[in-house]
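Worksheet: one structure, shown below.
Proteins come first, then strands; the chains are lettered A, B, ... in the order of their sequence lines, and each starts at number 1.
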Amino acid sequence: MRRSLLCWYGAQGRDLPWRRSRDPYAIWVSEIMLQQTQVKTVIPYYERWLAQFPTVTALAAADQTQVLKAWEGLGYYARARNLHRAAQVIVEQHGGQFPADLSTALTLPGIGRTTAGGILSAAFNQPVPILDGNVKRVLARLLAVAVPPNRALAALWQASEALLDPQRPRDFNQALMDLGATCCTPRNPACLLCPWQPHCLAHQRNMQNELPIAETRAPLPHKQIGVAVIWNEQGHILIDRRKPEGLLGGLWEFPGGKIEPGETVQDCIRREIWEELGIEIEVGDRLIVIDHAYTHFRVTLNVYHCRHLSGDPQPIECDEVRWVTAAELDQFPFPKANLQIIAAIRAAST
DNA sequence: GATCCGTGGTG
DNA sequence: TCACCAAGGAT
């Protein structure tokens, strides 16, 4: 079984930038970026990141705004914050070298069992198993697991470890992920091309389209949000930096908040700006309406031009506030939905 | 152990 | 349009 998979990998494996490297730092960066994120999305971010932060020392020395700006648009921003912190730990406590043993790697922020296995096998050819989304699906089909994969984690980890090739753990783990990504796909798997088809219980039972069993999910709530683009008499715009933890932590945004039942958008914006920044504004024309979906809810951003009337903005429910020119907005990391607001501001002023 | 955490691709 | 999913981890 190992040989058939490795043979398939030799012929069908993907040529990916990080596979050409044995630098633990570069491989680590790729593993973090690839969490819940597709290869095609990651590649340009990976290339830019290594050009900007070529070593763990360079990353450790960067400031968080630079780091978040380089991550802007990738999502799950805690990954960038943790990567940054871990780089500082590696410089301060591990002599600038990524730890080569599993238990130490697992102490670093942002590194769990799968990521640690991915790094240690790829960088050091250590026989450490992995269990990412691809491997869960491959093994759930191979073994015809009768419950959602997340209800069978112990068995799946055991299988990943038992199957792992002790001679070629690097290639084996990469092969297993490629098999899931390109052959044993979520829908319409290419069983005829699969090296493990003779061993696959799902295929033998013609259940490859029914497995793995899907997790049940709650419906997504939908929130209406009022957002203010506040101008002062100098033609500057007010932005704020979100608190360092939680949703979009550390990123900048245009201030606003949730519209309460029975409240107009304009009332909401005036109230939120008073509560969060302690200033009075006049709500003017509508700038843009943006629908955006997060993992656990959807939002509609109702964005309005506003005019500053009185008061000095205070960081009451955020970390920092700042008046900036439209040209300066590019220097700050914003969430994706806010980039649309910036584009609308530019379009409206030309 | 259930929830939280972004964004883009896909059928 | 929409649900599902992607090289998961932290709390």
_Hydrophobic cluster membership, A:L238 vs A:V324, 4.5 Å side-chain cutoff_ = no
*When all nucleic acid strands are considered with a 4.0 Å heavy-atom cut-off, which category describes A:A214: base, sugar-phosphate, or nothing?*
nothing
*In terms of side-chain heavy atoms of A:H296, which of C:dA3, B:dC4, C:dA7 is nearest?*
B:dC4
*Are OP1 or OP2 of B:dG9 and a side-chain N or O of A:Q38 less than 4.0 angstrom apart?*
no
*Give a yes or no on whether the ring-centroid distance for A:Y294 and A:H292 is below 6.0 angstrom.*
yes
*Are A:H292 and B:dG6 close enough that a side-chain N or O sits under 4.0 Å from OP1 or OP2?*
no
*Would you give the length of the straight line joining atom CD1 of A:I279 to atom CD1 of A:I230, rounded to the nearest 0.5 angstrom?*
4.5 Å
*Name the nucleic acid region contacted by A:G249, choosing base, sugar-phosphate or nothing; use a 4.0 angstrom heavy-atom cut-off, strictly under.*
nothing
*So, A:R346 side chain and A:A326 main chain: donor-acceptor pair closer than 3.5 Å or not?*
yes
*Given atom CZ of A:R14 and atom C1' of C:dA6, what is their separation to the nearest angstrom?*
11 Å
*Specify the separation, in whole Å, of atom CG of A:L16 and atom C1' of C:dA7.*
10 Å
*Would you check if the side chain of A:T37 reaches a backbone N or O of A:Q35 as a donor-acceptor pair within less than 3.5 Å?*
yes
*Give a yes or no on whether a donor-acceptor pair under 3.5 Å exists between the nucleobase atoms of B:dG6, that is its base, and the side chain of A:T37.*
yes
*So, is A:T115 close to the C:dG9 phosphate, meaning a side-chain N or O under 4.0 Å from OP1 or OP2?*
yes
*State whether the side chain of A:D285 and the backbone N or O of A:H305 hold a donor-acceptor pair below 3.5 Å, judged by distance alone.*
no
*asked:* Taking the nucleotide of DNA chain B with the nearest heavy atom to each, does A:N188 or A:Q35 sit closer to the 5' end?
replied: A:Q35
*Pairwise C1' distance, C:dA7 and B:dA2 [rounded to whole Å]*: 23 Å
*Compare side-chain N and O positions of A:R187 against OP1 and OP2 of C:dA6 and report whether any pair is under 4.0 Å apart.*
no
_Atom-to-atom span, CG of A:L220 to P of B:dT3 - whole angstrom_ = 13 Å
*Under 6.0 Å between the ring centres of A:F254 and A:F334?*
yes
*Any idea how A:W18 and A:Y46 line up, ring-wise: parallel (<30°), tilted (30 to 60°), or perpendicular (>60°)?*
perpendicular
*asked:* Whether A:K336 contacts B:dG8 is assessed here as follows: a side-chain N or O lying under 4.0 Å from the phosphate OP1 or OP2. Is that the case?
replied: yes
_Nucleotide nearest A:Y77 (side chain, heavy atoms from C-beta), chosen from B:dG6, C:dA7, C:dG8_ = B:dG6
_Under 4.0 Å from OP1 or OP2 of C:dA6: is there any side-chain N or O of A:Y76 that close?_
no
*Touch class at under 4.0 angstrom, heavy-atom based, for A:W18 against every strand present*: base
*Using the closest heavy atom to pick a nucleotide of DNA chain C for each, name whichever of A:E245 or A:R79 lands nearer the 5' end.*
A:R79
*Over how many whole Å does the gap from A:L176 atom CG to C:dA7 atom P extend?*
12 Å
*Does A:S30 use its side chain to pair, donor to acceptor, with the backbone of A:I27 at less than 3.5 Å?*
yes
*asked:* Hydrophobic clusters here meaning ILVMFWY residues chained together by side-chain heavy-atom distances under 4.5 Å, can you tell me if A:Y76 and A:W28 are in one?
replied: no
*Closest to side chain of A:R298, choosing from B:dT7, C:dC2, C:dA7*: C:dC2
*Is there a donor and acceptor pair, one atom on the side chain of A:T295 and one on the base of B:dG6, closer than 3.5 Å?*
yes
*Using heavy atoms and a sub-4.0 Å distance, could you list which residues of residues 102-113 of chain A are near DNA chain C? By number, please.*
A:L108, A:P109, A:G110, A:I111, A:G112, A:R113
_OP1 or OP2 of C:dC5 under 4.0 Å from side-chain N/O of A:R217_ = yes
*On DNA chain C, check which nucleotide each of A:L34 and A:N82 is closest to and give me the residue with the more 5' one.*
A:L34
*Write down the distance between CE (A:M33) and P (B:dT7), rounded to a whole number of angstrom.*
15 Å
*How close or far is atom P of B:dT7 from atom CG of A:D291, stated in whole angstroms?*
14 Å
*If you check the A:L248 side chain, which of B:dG6, C:dA7, B:dG9 turns out closest?*
B:dG6
*Send over the distance from A:L74 CG to C:dA6 P, rounded to a whole Å.*
17 Å
_Value rounded to 0.5 Å, distance of NE2 in A:H308 from NE2 in A:H236_ = 13.5 Å
*A:R85 has an atom CZ; how far is it from atom P of C:dG9, in whole Å?*
15 Å
*Is there a residue in residues 135-158 of chain A whose heavy atoms reach under 4.0 Å of DNA chain C, and which residues are they?*
A:R137
*Does the ring center of A:H84 lie less than 6.0 Å from the ring center of A:W71?*
no
*When the C1' atoms of B:dG6 and C:dC5 are considered, how many whole Å apart are they?*
13 Å
